[in-house]
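Only one structure is covered here, and it is reproduced in the block below.
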Amino acid sequence: MHRYRTHTCGALRESDIGHEVRLSGWCHRIRDHGGVLFIDLRDHYGMTQVVVDPDSKAFPLAEKLRAEWVVRIDGKVRIRPAGTENPEMPTGKVELYASEIEVLGPAAELPLPVFGDQEYPEEVRLKYRFLDLRRERLHNNIMLRGRVIDSIRRRMKDGGFFEFQTPILTASSPEGARDYLVPSRIHPGKFYALPQAPQQFKQLLMVAGFDRYFQIAPCFRDEDARADRSPGEFYQLDLEMSFVTQQDVFDAVEPVIRGVFEEFGAGKHVTAKFPLIPYAEAMRKYGSDKPDLRNPIVMQDVSAAFRDSGFKVFANILANDPKAEVWAIPAKGGGNRAFCDRMNSWAQGEGQPGLGYIFWREGEEGGAGPLAKNIGPERTKQIAEQLGLGVGDACFFVAGQPAKFVKFAGPARTKVGEELGLIVKDRFEFCWIVDFPMFEWSEEEKKIDFSHNPFSMPNYPIDDFLALDPADAETILGIKAIQYDIVCNGVELSSGAIRNHRPDVMKKAFAIAGYGEDVLEQKFGGMLRALTYGAPPHGGIAPGIDRIVMLLAGEENLREVVVFPMNQRAEDLLMGAPSEVTQKQLRELHIRLNLPQK
RNA sequence: GGGGGCGUAGCUCAGCUGGUUAGAGCGCUGCCCUGUCACGGCAGAGGCCGAGGGUUCGAGUCCCUUCGCUCCCGCCA
């Protein structure tokens with residue numbers, strides 16, 4: 001007989017009745033009836049009920065067992081007495097009558113019970129992550145993650161992609177997020193950086209002729225955390241392809257993503273064909289470049305209804321600023337004052353002066369509320385008709401420069417959708433966001449800068465692009481990049497682009513953004529050199545693994561799908577990272593600390 | 001860096017307009033219980049009410065400061 005077990009805790013069935021077996025596992029739950037005592041013995045594979053009574057020589061020890069002790073139990077499998085089967089458990093028709101128990105690992109009183117599904121504070125859960133991971137929900141999430149990654153690998157390989165490993169210790173890159181730095185012992189004063197993404201490496205692999213690359217790649221960024229953004233490190237399905245158009249990338253990636261969501265989405269509806277939504281349209285309709293399409297609300301421009309109207313606040317905004325507009329957020333089913341007032345207070349809590357509204361109800365079919373009275377019945381009717389609203393509905397309005405108010409309009413649309421229960425859960429609504437602007441006006445630096453990734457190819461005839469006058473801001477700010485995102489349920493799942501593989505175009509793009517060739521050479525010399533010696537047109541994308549698993553697991557927070565996550569302040573409470581190091585270590589690295597005054 | 005929320009027993013939480021000895025459930029300890037599967041019953045231990053300061057006859061409760069966790073803004077090729 002094996003030292004620890006002949007079966008796992010999820011294995012025993014009626015066919016095993018009468019056999020002498022050995023199980024090892026954790027005491028999940030113990031029910032002591034004095035004369036008879038039940039132990040639910042748990043391991044990774046399942047749970048089996050163990051019975052002990054005073055006729056067994058294991059009885060005295062069984063009475064001493066406590067939750068989460070690790071034990072080995074020998075005994076005979078027997079059928080449960082009629083009426084005591086548990087149909088909830090796969091092993092529920094049988095039980096193990098214990099003849100011998102050995103304690104393999106006793107447990108101290110638990111700071112975090114494994115049994116049950118109560119919520120516990122993040123701090124305790126992270127400090128005792130190993131206990132939290134024993135709990136069903138997290139345990140399942142982590143296994144789901146593994147299965148999702150297996151499936152992704154298989155799908156990528158079937159699609160003709162090869163998996164590569166790229167360096168973890170690399171060079172600091174000037175663009176993007178803050179780097180994690182690693183001091184060099186051999187080169188005093190110099191540092192490696194952990195890659196924010198294997199961006200340049202995958203492009204170099206394309207230049208090297210490997211044609212189709214992918215990697216489940218760790219990425220490191222020293223930026224502050226969010227619920228959907230782990231501090232420090234996260235994983236991407238990083239991929240790159242040569243000789244492709246944007247459409248080729250879509251055709252390669254969309255089936256992988258859709259397939260994974262259909263495979264693990266527990267039957268939830270998955271978008272059959274991801275619609276393409278231009279960035280500008282997404283901002284206009286949804287107030288976001290990562291719209292939640294489960295929310296049916298589509299905003300509209302209703303400036304005409306307010307221009308020169310009796311509602312002076314909006315009329316003046318429109319009269320005084322040619323860029324100003326008024327947008328409407330329709331709220332079907334929100335046609336009562338209580339709801340409109342609640343939205344108004346919410347807006348004030350968001351730092352807005354308020355949220356104008358009109359609502360329609362029985363007896364006031366022409367529109368109710370102060371705003372309706374100010375603009376009059378004709379204009380109110382015009383709004384109702386434009387948005388298809390009637391009795392029982394409401395509509396909210398935001399005014400000003402769209403570029404400035406979308407940061408509020410987008411969340412307002414979400415809020416209305418949530419409050420009115422318009423968001424259809426149990427669906428994965430995907431879309432591609434395309435046509436991102438290549439450049440944007442940096443208010444901070446008072447100059448044109450890259451809007452997103454400087455490696456993206458501008459969607460503009462190459463000769464015309466090379467001939468651009470850097471002072472022609474209007475034309476330049478209108479140029480789109482061949483860049484795209486996948487968005488699902490309001491979560492940005494991935495970002496990608498057709499890359500700029502032409503050194504002359506790249507030099508021009510950097511020149512437009514105000515960077516000289518010396519900067520380009522210094523920061524991206526390797527990349528530039530590679531593009532000089534025969535670079536294929538190429539492009540790719542990098543879906544976030546953690547976010548995919550988060551959506552599939554139905555979780556709101558990345559920590560629920562990462563085995564050993566850090567907390568919001570980028571601390572690992574279990575391992576105690578970051579930590580101080582010895583003077584000797586610092587000396588070897590030629591580092592002297594210069595700590596902030598406290 | 002900024003804003004919101006939270007902080008009371010090992011854990012989850014209650015504790016009203018400030019009022020005498022701060023409660024419940026789970027867990028823990030002891031006793032009882034031979035068919036439970038959230039077993040049940042009885043008894044008990046366990047509290048710097050995050051920390052510091054203030055107001056008050058009196059503070060878990062009000063005010064200020066500070067620390068911790070979390071959510072958001074900034075930031076995020």
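The model shown is predicted, which means the values in this text are computed figures rather than measured ones. Chain A is the first sequence line, chain B the second, and so forth, proteins listed ahead of strands; every chain is numbered from 1.
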Using a cut-off of 4.0 Å on non-hydrogen atoms, how would the nucleic acid contact of [X] be classed: base, sugar-phosphate, or nothing?
X	result
A:P81	base
A:R42	nothing
A:Q203	nothing
A:Y120	sugar-phosphate
A:Q236	base

If you measure from the [atom1] atom in [N] to the same atom in [M], how many Å do you get, rounded?
N	M	atom1	result
B:G23	B:U66	P	34 Å
B:G58	B:G18	P	15 Å
B:U20	B:C39	P	37 Å
B:A43	B:G7	C1'	32 Å
B:G15	B:C6	P	12 Å
B:C49	B:C62	C1'	15 Å
B:U55	B:C64	P	15 Å
B:U65	B:A24	C1'	33 Å

Applying the Watson-Crick and G-U wobble criteria at under 3.5 Å, what pairs with [N]? Answer none if nothing qualifies.
N	result
B:G40	B:C32
B:G1	B:C73
B:U66	B:G50

(message) Is the distance from the ring center of A:Y180 to that of A:F220 below 6.0 Å?
(response)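 When the ring centroids of A:Y180 and A:F220 are compared, they turn out to be at least 6.0 Å apart.
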(request) Considering just the side-chain nitrogens and oxygens of A:R31, establish if one lies under 4.0 Å of OP1 or OP2 belonging to B:U36. (result)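 So the side chain of A:R31 is outside the cut-off, no N or O lying under 4.0 Å from OP1 or OP2 of B:U36.
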(request) Would you indicate, yes or no, if B:C39 has its OP1 or OP2 atom less than 4.0 angstrom from a side-chain nitrogen or oxygen of A:R29? (result)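 A:R29 to B:C39 OP1/OP2: side-chain N or O found under 4.0 Å.
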(message) Measuring from atom OG of A:S230 to atom CG of A:N567, what distance do you get when rounded to the nearest 0.5 angstrom?
(response)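 The distance works out to 11.5 Å.
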(message) Nearest 0.5 angstrom please: A:M550 CE to A:N141 CG, how far?
(response)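 The distance works out to 11.5 Å.
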(message) Across nucleotides 69-76 of chain B, 5' to 3', mark each nucleotide with B, S or - according to how protein heavy atoms within less than 4.0 Å reach it.
(response) SBBSBBBB
(message) Between the side chains of A:K507 and A:E521, is the shortest nitrogen-to-carboxylate-oxygen separation below 4.0 Å, so that they form an ion pair?
(response)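 Looking at A:E521 and A:K507, the cut-off is not met.
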(request) May I ask you to decide whether A:R42 forms a salt bridge with A:E68, counting only side-chain N to carboxylate O separations under 4.0 Å? (result)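 Salt bridge flag = yes for A:E68 with A:R42.
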(request) Would you verify whether the NZ or CZ of A:R29 falls within 45 degrees of the ring axis of A:F115 while also being under 6.0 Å from that six-membered ring's centre? (result)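 Geometry flag: set, cation within 6.0 Å and 45°.
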(request) Kindly say whether, by distance alone, the side chain of A:D40 makes a donor-acceptor pair under 3.5 Å with the base of B:C37? (result)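 When only heavy-atom distances are counted, A:D40 does not reach the base of B:C37 through any donor-acceptor pair under 3.5 Å.
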(request) Please say whether more than 12 non-hydrogen atoms of neighbouring residues, nucleotides or ligands are located less than 6.0 Å from CD in A:E136. (result)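 No - once you tally the heavy atoms of other residues, nucleotides and ligands closer than 6.0 Å, there are 12 at most.
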I'd like to know if the side chain of [X] and the backbone of [Y] have a donor-acceptor N/O pair within less than 3.5 Å.
X	Y	value
A:E85	A:G83	yes
A:D485	A:V487	no
A:D43	A:G46	yes

(request) Please state how far atom CZ in A:F38 lies from atom P in B:G40, giving the value in whole angstrom units. (result)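 In whole Å, B:G40 P and A:F38 CZ are 14 Å from each other.
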(request) Kindly assign one of parallel, tilted or perpendicular to the pair A:F164 and A:Y213, based on the angle between their ring planes and the thresholds 30° and 60°. (result)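 Tilted: the ring planes of A:F164 and A:Y213 meet at 30° to 60°.
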(message) Both A:F455 and A:G83 contact RNA chain B. Taking the nearest nucleotide for each, which residue is further toward the 5' end?
(response)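 Residue closer to the 5' terminus by nearest nucleotide: A:G83.
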(request) Kindly state which residues belonging to residues 52-70 of chain A come within less than 4.0 angstrom of RNA chain B, counting heavy atoms of the residue only, listed by number. (result)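 The answer is A:R66.
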